[in-house]
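Structure first, commentary second.
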There are 2 protein chains.
Amino acid sequence: MLNYNVQNTIFHYLDKISLINNNVSKNYLFEIQDSITIIQCKKGQQFVMEGAPVNGLFFICKGRAKVLKTGIYGKEQILRFVKEGEIVGHRGFGTRKKYGISAVALEDIVLCNFSNEVLEKMLKEIPTLTYNLMLFYAEELNKSENKVKAFAQMTVKEKVIDTLIYLHRKFGQNPKGYLNLVLSRKEIADFAGTSDEQVIRILSTLKKENQIFTSGKRIGISNIDLLKKEISEHNYFINS
Amino acid sequence: MLNYNVQNTIFHYLDKISLINNNVSKNYLFEIQDSITIIQCKKGQQFVMEGAPVNGLFFICKGRAKVLKTGIYGKEQILRFVKEGEIVGHRGFGTRKKYGISAVALEDIVLCNFSNEVLEKMLKEIPTLTYNLMLFYAEELNKSENKVKAFAQMTVKEKVIDTLIYLHRKFGQNPKGYLNLVLSRKEIADFAGTSDEQVIRILSTLKKENQIFTSGKRIGISNIDLLKKEISEHNYFINS
DNA sequence: CGCTCGCTTGAAACGGCTCAACCAAAGTGG
DNA sequence: CCACTTTGGTTGAGCCGTTTCAAGCGAGCG
């Protein structure tokens, strides 16, 4: 019962992560707490680096981040955005020795890291945890495969619209109708798989069509259903 | 011990599937054999249909198939090719009610189907099975995310070359150097995310460059390392 | 023998990318 | 406090790659 305060903090943060919360008992967590690390990250900081040796799994306790792969000439492809309660650094175990993705904080965030060893131990001892993590991966795989199809078949305009719908779905909008996540045009482009100029053009067009409105970097969506119609023929919206 | 022959057949086929073989005991399989179905499929037959209610997981016991999503105007996006021992119909459990993908036999194949119920039972009772299935998904997710990046950043030529390398890696080549899987130009295009005309053009170019040689639909690779160099700057080969 | 299907090639139209210039906002330093 | 610099947003124009349309070819099959 030493440093009760610290323990309290860890448990407070772990409480935000449903995968842990629903599958791992408080007693269990108490026992392994020394293998769990709470990390604070500043905006823009990279906490997972593609190609670096795997160092366990990260959970987002607070704040938001982007997950990406770096391609030729440093062009990045953003794969997804993550928020409180979600997992980063998947595939950080098994035979794999290096991370396949990078992760960068979009704001000041709090992370929780489970070491390789404790993670493996947990997965072996808590079947429901493993089961639910498996479901998580299966779901992520489905999303990723949807994105593959989207990239292969959509026009740039559709990809940008799809990105807006994704952001709306995942982060919602504030009372004034603006998306709750503010990104640079380049970040939108890196997610949609195009250039920032192209994104700006599409946004301008959408503004003229009264589909969206902007204020600086902020983007507001006039009518989400109307926007969805624009790509409904593709029968595809990235879920969550 | 009735119909010993049939049992023998089931076990013979199950033996090909390492995920089952390595994690489920013969006794266990014997007990649940009534929930396992062996299915024969003719070439071209569709055995998983996108949007149809989930009916368990399929394992390929013999032969090869393509896994795809159908897009606008019936344009299909092939996500991967599968061979003996591999899994199709993932995500066919959990909260998901419908298949997210279709699967079509590329030749006469033999499948093994585990019903939803028995699958769930197995996953709850055999932790190592769940663990290994989780690793499988994690690996598939990694591959899929590589494909997302590839689609966003590669030129058509690179995507076609990448497809050839993928096929070479996954199915190998015969003594004469031809790829062991014969596909139509359109199927190559549907995997690479382009049109069949484009594929043909690229193949013609590669022939002139002595990178490949063809005989009818068959494609032979002259020097796989040389081919890999063409896209090595992208630092990416689809693994497996 | 004639039909069909898939492969192949050419040419034209389109869309998206890149380059370049301009602008607005915010931050910095004298 | 103002001029300067920097950063990111915006728009236009030209080029290049890709798609699409169209026509020809060759093998396989009834």
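We name chains A, B, ... by the order of the sequence lines, and we start the count at 1 in each one.
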[X]: side-chain hydrogen bond (donor to acceptor under 3.5 Å, both in side chains) partners, not counting sequence neighbours:
| X | answer |
| --- | --- |
| Ser102(A) | Gln46(A) |
| Glu140(A) | Lys143(A) |
| Lys157(B) | Glu209(B) |
| Ser144(A) | Ser144(B) |

ring-ring contact (aromatic ring centres under 6.0 Å, His included) involving Phe213(A) - partner list, sequence neighbours excluded: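 Per chain and number, Phe213(A) pairs via ring-ring contact (aromatic ring centres under 6.0 Å, His included) with Tyr178(A).
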Pairing residues for Phe151(A) by the ring-ring contact (aromatic ring centres under 6.0 Å, His included) criterion, not counting sequence neighbours: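 Phe151(A) satisfies ring-ring contact (aromatic ring centres under 6.0 Å, His included) with no residue once adjacent residues are dropped.
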Any pair counted as salt bridge (Lys or Arg N to Asp or Glu O under 4.0 Å), so long as it reaches residues 52-66 of chain A, sequence neighbours left out: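 Matches after skipping sequence neighbours: Arg64(A)-Glu107(A), Lys66(A)-Glu76(A), Lys66(A)-Glu187(A).
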Partner residues of Ile87(A) under the side chain to side chain contact (heavy atoms under 4.5 Å, CB included) criterion, sequence neighbours left out: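 Partners of Ile87(A) under the side chain to side chain contact (heavy atoms under 4.5 Å, CB included) test: Leu19(A), Leu57(A), Phe59(A), His90(A), Leu133(A), Phe136(A).
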Sequence neighbours excluded - side chain to side chain donor-acceptor pair (under 3.5 Å) pairs with any residue from residues 217-227 of chain B: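 Of all non-adjacent pairs touching residues 217-227 of chain B, none passes side chain to side chain donor-acceptor pair (under 3.5 Å).
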Restricting to nitrogen or oxygen on both sides, can you table the protein-nucleotides 15-17 of chain C pairs closer than 3.5 Å?
unit_1  : atom_1 : unit_2    : atom_2 : d
dG16(C) : OP1    : Val156(A) : N      : 3.0
dC17(C) : OP2    : Thr194(A) : OG1    : 2.7

Strand contacts (DNA chain C) in residues 205-220 of chain A, 4.0 angstrom heavy-atom criterion: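 Contacting residues: none.
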Polar pairs (N or O, both sides) under 3.5 Å between protein and nucleotides 28-30 of chain D?
none

Arg201(A) side, atom CZ; Glu197(A) side, atom CD - distance, nearest 0.5 Å: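 Answer for the CZ-CD pair, Arg201(A) versus Glu197(A), is 6.5 Å.
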Whole-Å distance separating the CD1 atom of Ile188(A) from the P atom of dG8(D):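 Atom CD1 in Ile188(A) sits about 14 Å away from atom P in dG8(D).
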